[in-house]
Every structure is written in structure tokens, then in C-alpha cells.
Amino acid sequence: MFITFEGIEGSGKTTQIKYIFEFLKDRGHDCVMTREPGNTKIGKKIRKILLDPDNKDMAPLTELLLYMADRAQHIKEVILPSLSEGKIVLCDRYYDATVAYQGFSRGLDIEFINNLHRLILDDLKPDLTFLLDLPPEIGLSRAWKQIENGARTRSESRFEQETLAFHEKVRTGYLALARLEPYRFRVTNASADESQVRNDIMAVLNAVLSCTKMSRKDL
Ligand code: TMP
């Protein structure tokens, strides 16, 4: 099973994904926690370039192609092998992020992005996507607090330095994607406190896991 987590900066994805990973492991599920960009040796180098605030002049197309390069490597090295071994893959961001950030917010052609995805994804879509939704002013203020208290590194703050309007467009993009695929997306109110968000995610996850168990028994 392939599960992705999406949301603007400061939505709390990383905290939630860690909790879910431990929860699933404790219950004996074989699972992998991964992220984009930067979960392979090559991807780490790409991540550095993408998130470095010094690279504020990066052209949108350069940015798009670097995310695609990271993803192509990630699919080949991590996602496909893990899924073919029957593992649950929990991924912090995947292709919806590209459509929301580079498509909706940077303004690159979404059909062009989808065509590139058709080339590199080999139809590898998530089974379930949690969208942690919240107003960008709350998300950005949380993200900057984490940078100021050292929980996040300033050397990866290129997107945090974008305007509020940029992040508004990302949020609008994500919500539009969720409306297009209501069976895949679960939209969670991420401005609630951490434990409430966790309970909302766990309720969905437990339901999905028990359905999977039932359908296996039925076979
Ligand atoms: P994060 O790992 O802290 O979530 O940072 C990754 C940043 O990269 C975040 O600002 C969103 C951005 N991003 C894109 O713009 N496009 C993408 O395809 C992905 C995966 C991330």
C-alpha cells in the first residue's frame, strides 16, 4: 500500500508521518517511511540545490525538472522495490506537490507536468493521500518558529521565503486536486492541535487497514 502526505509548510506532515510509521511498525506491519525531495544519495544533493535560499533565481522549469529527477530516482531506488516486497510505503510529499507548487503556484502548464509524470511514474499512484490543510498564515508562522528555534534548518528555507500569496495558491491547488479525486484524498484540518490531527488520520487509516484485511480474507 502506498500512502502519501501532502500540505503546505507548517502543516505538521512530518510529525504525523513519524507517529504513523511507529504505530504501524509496533503492530507488525512492514513499512517504509520516505520523503521527497531527498531520500536517495542523489536525491539528497538535489534537495540541497532545491531548498537553498541562495538559489532564489532558479527558473521554474529548472525547479520542475529537479523535482522530477529526484522523483525518478526515488521511485526506482525506494518506492517500487518496497512496494514489490509488499511493504507499506509512507511518503512525505509526492507528485501532487509538483502539481500544487510548480503548477498552481509557479504557473507552469499542468498538462505538461502531467505528461512528464506519465513518463516517469509508470502509473505509480498513491492508494491514499492525506492532505493536511490549513491557512498559510498559520502554517508559515509555525514553519518560521521551527526555523528560529533550530528544529528546521534555515539552509532549506527557500520556499518558506516565498510570499503568502504563493502559499495561498499552493493551498488552492491542493484543494482542487482533492476535489478531483475524492476517493484517494482525505482532507484533514491541520490547524487543529497535533493530537486531534493524529486522531483524524488514525481513524481513516484503521478503517482502510481493516478493509484491506477483510478483502484479503475474502480471497
Ligand atoms: P519539506 O521536505 O520540508 O516538505 O520541503 C520540501 C519543499 O519542496 C516544500 O517547500 C515543498 C517543495 N516541493 C515542491 O515545490 N515540489 C515538489 O514536487 C515537492 C516534492 C516539494
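These numbers were taken from a predicted model, which means no experiment stands behind them. For ligands, and for the atoms within them, numbers begin at 1 and follow the listed sequence.
Using a 4.0 Å cut-off to heavy atoms of R71, the atoms of ligand 1 that qualify are 18 (O), 20 (C).
Heavy atoms of Q102 found under 4.0 angstrom from ligand 1 belong exclusively to the side chain. Residue contacts with ligand 1 for T14 are absent, since no atom lies close enough (heavy atoms, distance under 4.0 Å). Under 4.0 Å from ligand 1, the heavy atoms of K13 that appear belong solely to its side chain.
Between the choices R35, E6, R47, E9, the shortest heavy-atom distance to atom 1 (P) of ligand 1 belongs to R47. Comparing F5, Y67, Y94 against atom 12 (C) of ligand 1, the shortest heavy-atom distance belongs to Y67.
A heavy-atom separation below 4.0 Å is found between R152 and ligand 1. Taking 4.0 Å as the cut-off, E160 does not count as a neighbour of ligand 1 on heavy-atom distance. Every heavy atom of E156 sits 4.0 Å or more from the atoms of ligand 1.
Taking a cutoff of 4.0 Å between a charged side-chain nitrogen and a carboxylate oxygen, R184 and D127 do not qualify as a salt bridge. A salt bridge links E181 with K125: the closest approach of a Lys/Arg side-chain nitrogen to an acidic carboxylate oxygen falls below 4.0 angstrom.
Between L209 and L24 there is a side-chain heavy-atom pair separated by less than 4.5 Å.
Under the 3.5 Å distance criterion, with hydrogens and angles disregarded, a donor-acceptor pair is assigned to the side chains of Y174 and E6. Under the 3.5 Å distance criterion, with hydrogens and angles disregarded, a donor-acceptor pair is assigned to the side chains of T14 and D92.
Under the ring-ring contact (aromatic ring centres under 6.0 Å, His included) criterion, F2 pairs with Y94, not counting sequence neighbours.
Here the heavy atom of the protein found nearest to atom 18 (O) of ligand 1 is T98 OG1, 2.5 Å. Closest to atom 5 (O) of ligand 1, if we only count protein heavy atoms, is L51 CD1, 4.0 Å. At the top of the distance list for atom 4 (O) of ligand 1, counting protein heavy atoms only, stands R93 NE, 2.7 Å.
Each salt bridge (charged side-chain N to carboxylate O under 4.0 Å, His left out) pair with one or both residues in residues 56-75, not counting sequence neighbours, appears once here: E36-R71, E63-R106, E63-R158.
The heavy-atom pair separating R171 from P136 by the smallest distance is CD-CD, 4.0 Å.
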